[in-house]
Peer 1: 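The structure's right below; bear with me while I get my questions together.
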Amino acid sequence: MADQLVSDGLRSELRKLSVLKGTAPEFDPSAAPESPMELFGEWFMLAVRSGVREPHAMTLSTVGADGRPSARVLILKDVDSAGWHFAISTLSRKGCDLAARPFAALTFYWPELVRQVRVSGPVVADPPAVAAADFLARPEGSKQMALTRRQSQPFDRPEELDEALEHARQELNSTPDLVPDEWCSYAVRPDEVEFWQGDPQRRHQRLRYTATGNSWLRTRLWP
Ligand SMILES: Cc1cc2nc3c(=O)[nH]c(=O)nc-3n(C[C@H](O)[C@H](O)[C@H](O)COP(=O)(O)O)c2cc1C
């Protein structure tokens with residue numbers, strides 16, 4: 001009964017909510033650049049200029065050894081010819097997933113521009129120097145938390161966190177340039193990237209880039 005009431009209230013709220021209410025910029029798929037990295041750069045810079053909140057937040061989807069998908073939000077670190085980069089602890093659930101199945105999908109959603117970008121492909125570890133540079137540039141609190149080395153484990157005793165953070169502080173005090181072995185930077189090397197420009201009338205524009213050796217095949221998709 002309680003479930004029913006929650007569900008009724010939630011359902012009616014859901015019906016009232018609007019979607020695709022942003023301001024869609026012009027997008028001409030036939031004039032799109034040859035590489036998806038270039039188009040991503042254009043879209044990303046426009047997202048920044050347009051005041052999209054946290055445009056570098058993306059959903060990273062992985063698959064575990066058991067075949068089950070899992071998704072979470074992460075921060076994009078770079079995009080270049082090697083792909084879309086992010087840095088994580090290999091001890092976390094996503095790290096274990098990638099060790100078991102080195103493939104991932106990334107999803108960006110920029111509601112202010114009614115835009116979505118989807119990236120997918122194999123995931124390749126960057127050279128250790130990239131991970132080190134990323135770790136060393138992190139805020140102190142982020143480094144300390146990473147050094148607890150417990151992300152994604154069951155959290156039973158809050159005092160354990162204080163102890164682990166204190167230990168991490170001491171580790172960093174004695175070795176300020178410490179980079180934990182399990183810190184890893186990865187690149188999703190896309191074999192597919194799709195740009196989606198939403199339209200309130202549902203005439204969405206979709207452009208998919210598919211890797212074909214040294215070049216990209218561009219295909220428009222039905223909305
Ligand atoms: C906006 C945003 C940014 C985040 N950035 C990171 C990040 O840079 N690194 C990270 O490990 N988790 C980040 N998280 C938390 C992850 O979504 C996730 O909870 C965490 O990485 C554990 O995921 P896992 O258990 O699947 O490994 C962020 C979450 C949000 C909402």
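Both ligands and their constituent atoms are indexed starting at 1 by order of listing. Computed from a predicted structure; not experimentally measured.
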Peer 1: Which residue and atom name correspond to the protein heavy atom nearest atom 25 (O) of ligand 1, and how close is it?
Peer 2: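 Nearest protein contact, heavy atoms only, for atom 25 (O) of ligand 1 is S152 OG, 2.6 Å.
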Peer 1: Counting only nitrogen or oxygen atoms and a 3.5 angstrom limit, does K94 reach ligand 1?
Peer 2: yes
Peer 1: Given L91, I88, I75, which one has a non-hydrogen atom that is nearest to atom 5 (N) of ligand 1?
Peer 2: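 Among L91, I88, I75, the closest heavy atom to atom 5 (N) of ligand 1 comes from I75.
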Peer 1: Check whether R220 reaches the backbone of P29 with its side chain - one donor and one acceptor, N or O, closer than 3.5 Å.
Peer 2: no
Peer 1: Could you list which atoms of ligand 1 come closer than 4.0 Å to a heavy atom of R93?
Peer 2: 24 (P), 25 (O), 26 (O), 27 (O)
Peer 1: Which of the numbered atoms in ligand 1 are under 4.0 angstrom from any heavy atom belonging to E54?
Peer 2: 1 (C)
Peer 1: Counting both backbone and side chain atoms, is some N or O of R72 under 3.5 Å from an N or O of ligand 1?
Peer 2: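 Between R72 and ligand 1 (N or O atoms, distance only) the closest approach is under 3.5 Å.
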Peer 1: From the options Q151, Q153, H56, select the one whose nearest heavy atom is closest to atom 20 (C) of ligand 1.
Peer 2: Q151
Peer 1: Looking only at N/O atoms, are L74 and ligand 1 under 3.5 Å apart anywhere?
Peer 2: no
Peer 1: Which atoms of ligand 1 are found less than 4.0 Å from any heavy atom of V73?
Peer 2: 1 (C), 2 (C), 4 (C), 13 (C), 14 (N), 15 (C), 16 (C), 17 (O), 28 (C), 29 (C), 30 (C), 31 (C)
Peer 1: Does the Q197 side chain pair with the main chain of L113, one donor and one acceptor, at a distance under 3.5 Å?
Peer 2: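 Indeed, once roles are kept as given, a pair shorter than 3.5 Å links the two residues.
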Peer 1: Could you walk me through whether Q151 and I88 pass side-chain contact (heavy atoms from CB on, under 4.5 Å), step by step?
Peer 2: CA-CA 10 Å; Q151 191 179 51; I88 60 165; 5.9 Å; no
Peer 1: Please report, to 0.1 Å, the donor-acceptor pairs under 3.5 Å made by any side chain of residues 47-73, with sequence neighbours excluded.
Peer 2:
residue : atom : partner : partner atom : Å
S50     : OG   : L46     : O            : 2.6
T62     : OG1  : S70     : O            : 3.4
T62     : OG1  : R72     : NH1          : 3.0
T62     : OG1  : R72     : NH2          : 3.4
T62     : OG1  : D97     : OD2          : 2.7
D66     : OD1  : R68     : N            : 3.1
S70     : OG   : R72     : NH2          : 2.9
R72     : NH1  : L60     : O            : 3.0
R72     : NH1  : S70     : O            : 3.1

Peer 1: Pair F40, F108 - check ring-ring contact (aromatic ring centres under 6.0 Å, His included), show working.
Peer 2: CA-CA 10 Å; F40 185 85; F108 296 83; 5.0 Å; yes
Peer 1: Applying the ring pair (Phe, Tyr, Trp, His ring centres under 6.0 Å) criterion to Y186, which one of F103, W84, F86 satisfies it?
Peer 2: F86
Peer 1: Under 4.0 Å from a heavy atom of S92: give me the atoms of ligand 1 that qualify, with their elements.
Peer 2: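 So the answer, numbered in order with elements, is 27 (O).
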Peer 1: Between R206 and W196 (side chain of the first, backbone of the second, donor and acceptor by atom type, cut-off under 3.5 Å), is there such a pair?
Peer 2: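 Side chain of R206 to backbone of W196: no pair is present.
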